[in-house]
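Every heavy atom of this structure was used, including side-chain atoms; hydrogens, water molecules and symmetry mates were not.
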Amino acid sequence: MTTVVAVGAQWGDEGKGKIVDWLAPRADLVVRFHGGNNAGHTLVVDGEKTVLHVVPAGVLQPGTVNLIGPGVVVDPEVLLGELDALSARGILRDPSRVRVSGRAHVILPWHKDQDLAREEKARERAIGTTGRGIGPTYEDKVARRGIRVADLLDAALVRERIEQIAGGKNFELTQYYGWKPIDVERLVESCVAWGRRLEPYVDHTGRILDRALREGKSVLFEGAQGTFLDIDHGTYPYVTSSNCVAGAACTGAGVGPTRIDRVLGITKAYATRVGGGPFPTEEAGEAGEKLRAAGAEFGATTGRPRRCGWLDVVMLREALTVNGLTGLAMNKLDVLSGLPEVPIATAYRIDGKLCHEFPMTLAEVSRAEPVYERLPGWSERLSELRRFEDLPDAARRYVDRVESLVGIPVEILSIGPGRDETIVRSDPFRR
């Protein structure tokens, strides 16, 4: 038995979907433990692209059981749309391969309206959310007024809960934001219909997970977003609404910390960010545009262009600390081909002082000036290579330097979007 948590080590969009898809055959269960459909995992298998927002990325690998844990917030329409699409393609013939926790909270139309209305009102102070209602749903969860997936299975109960909550929601939407009210009766009908369709997938996922671990099965925990979008450890308030670090796998899936064996941090060979917030190594000019074009850096969920910049090992060392990383998976090394030199930020200068640790406050991060070490670039294409030893000398030196600066091994390298465009130096499940 091996348990591995795969988490983003930057601001999300690190390519976690590809890595989870690649690791999934080694696991019996793949478990999503936080976030909602504000995450988008893009998988490319045999030239066909699949984008998943809620269903774990292990679903494309036959034989895996994919759990959506209680820490996830679920938009029923999005989840059902993904399940229907996977079924139509013949990928999901058996509902038992996807199990949804009855304890997961439900994203409702008023949550999405609240999200959009708040961003519109904030204007230049907007956080840059996806507008998917994630934050308002977590708010209701913490305020103990949320509706859970299991509630959708009881028509009388869900009607009672909707009617209890609707007055306050519609007052906020109409009186404060000037938006249209939610039609309560239509919402109740939708909830009942969602419950009927979701019922074959709803289960006590914590018990499934516990049984699997007791039977000696291997489990892969799939993170969404990234370390620096974590509500506690990220660049607050420019963060998401859930805990994204490895420790959240315990609460969001329902497993004790003694059952976690390894933590794989996923990073790009450079850095990207979507939405507002500081980004010390951002390249706003021509260099950033070249990275965006070469890496096809547009959000899988929103289509928004991503801000691009150079790899920041100050961040990666912080990600190592808060996640307990045991290794790294580095994606998109191929995107750096053709550059005359490749910078790595090894420290910051803040108000004239050299800093090697990630700052505590947003104000300090905003003032941070990166201190770069510049390594020679390489011109060769990498996508056809399958062994680390076959990479150009400069590419190998780049990876080796990242390892030495961060202090953990780079175990997996992605040199293209396809499942097979992967170089494995050490398999996290074979230790």
Side-chain angles (χ1 to χ4, degrees), residues 5-14 16 34 127 223 225-240 242-250 257 260 262-284 288 306-331 342-375 397-411:
V5 183
V7 293
Q10 298 170 301
W11 280 294
D13 305 310
E14 300 98 344
K16 294 180 291 297
H34 75 101
I127 299 298
Q225 287 86 40
T227 296
F228 293 89
L229 293 178
D230 184 277
I231 189 70
D232 291 317
H233 302 285
T235 49
Y236 187 91
Y238 296 95
V239 293
T240 192
S242 62
N243 286 111
C244 311
V245 295
C250 296
I260 303 298
R262 297 179 51 73
V263 182
L264 182 68
I266 303 171
T267 177
K268 284 176 179 163
Y270 49 100
T272 64
R273 178 164 201 172
V274 173
F279 183 174
T281 65
E282 182 174 15
E283 285 286 345
R306 296 176 184 139
R307 300 156 63 190
C308 297
W310 305 115
L311 189 67
D312 185 338
V313 298
V314 182
M315 288 180 63
L316 291 183
R317 287 194 294 263
E318 180 77 358
L320 165 65
T321 299
V322 299
N323 290 291
L325 300 180
T326 55
L328 288 172
M330 181 183 288
N331 282 313
V342 186
I344 302 176
T346 59
Y348 298 151
R349 198 171 298 281
I350 304 175
D351 302 329
K353 181 181 177 181
L354 191 66
C355 302
H356 290 90
E357 296 181 340
F358 197 78
M360 182 178 67
T361 68
L362 186 76
E364 291 173 294
V365 181
S366 299
R367 298 198 304 275
E369 301 173 8
V371 176
Y372 286 117
E373 179 177 318
R374 299 179 184 275
L375 278 67
R397 286 198 297 272
Y398 182 77
V399 175
D400 289 341
R401 185 58 178 148
V402 172
E403 286 186 327
S404 65
L405 288 167
V406 180
I408 52 175
V410 176
E411 298 181 328

Do side-chain atoms of [X] reach the backbone of [Y] as a donor and acceptor pair under 3.5 angstrom?
| X | Y | result |
| --- | --- | --- |
| Asp230 | Val245 | yes |
| Arg317 | Gly407 | no |
| Glu403 | Val410 | yes |
| Lys353 | Tyr348 | no |
| Thr227 | Gly8 | yes |
| Arg307 | Gly275 | yes |
| Glu14 | Val7 | no |

- Item | Trace of the side chain to side chain contact (heavy atoms under 4.5 Å, CB included) decision for Thr321 with Phe358 | CA-CA 11 Å; Thr321 299; Phe358 197 78; over 6 Å; no
What distance do [X] atom [atom1] and [Y] atom [atom2] have between them, rounded to the nearest 0.5 Å?
| X | Y | atom1 | atom2 | answer |
| --- | --- | --- | --- | --- |
| Met330 | Leu311 | CE | CG | 6.0 Å |
| Leu325 | Glu318 | CG | CD | 11.0 Å |
| Thr346 | Arg374 | OG1 | CZ | 10.5 Å |
| Leu405 | His356 | CG | NE2 | 9.5 Å |
| Trp11 | Thr240 | CH2 | OG1 | 15.0 Å |
| Ile266 | Lys16 | CD1 | NZ | 6.5 Å |

- Query: Taking only residues two or more places apart in sequence or in another chain, which ones pass salt bridge (charged side-chain N to carboxylate O under 4.0 Å, His left out) with Arg397?
  - Reply: none
- Qualifying residues under salt bridge (charged side-chain N to carboxylate O under 4.0 Å, His left out), relative to Glu373, sequence neighbours excluded: Arg401
- Task: Begin from the C-alpha positions of Leu328 and Ile408 and carry the test side chain to side chain contact (heavy atoms under 4.5 Å, CB included) through to its verdict.
- Result: CA-CA 7 Å; Leu328 288 172; Ile408 52 175; 3.7 Å; yes
- Closest approach of Pro370 and Ala345, non-hydrogen atoms and distance? CB-CB, 4.1 Å
- Tell me, do Thr235 and Phe279 make a side-chain contact under 4.5 Å, heavy atoms counted? no
- Item | Side-chain heavy atoms of Tyr238 within contact of Leu362, under 4.5 Å | yes
- Message: Working note: Glu364 + Cys355, criterion side chain to side chain contact (heavy atoms under 4.5 Å, CB included); need CA distance, chi angles, decisive distance, verdict.
- Response: CA-CA 11 Å; Glu364 291 173 294; Cys355 302; over 6 Å; no
- Item | Residue pairs passing the salt bridge (charged side-chain N to carboxylate O under 4.0 Å, His left out) test where at least one lies in residues 266-278, sequence neighbours excluded | Lys268-Glu297
- Which is it for Tyr270 and Thr281 under the side chain to side chain contact (heavy atoms under 4.5 Å, CB included) test, yes or no, and what are the steps along the way? CA-CA 9 Å; Tyr270 49 100; Thr281 65; over 6 Å; no
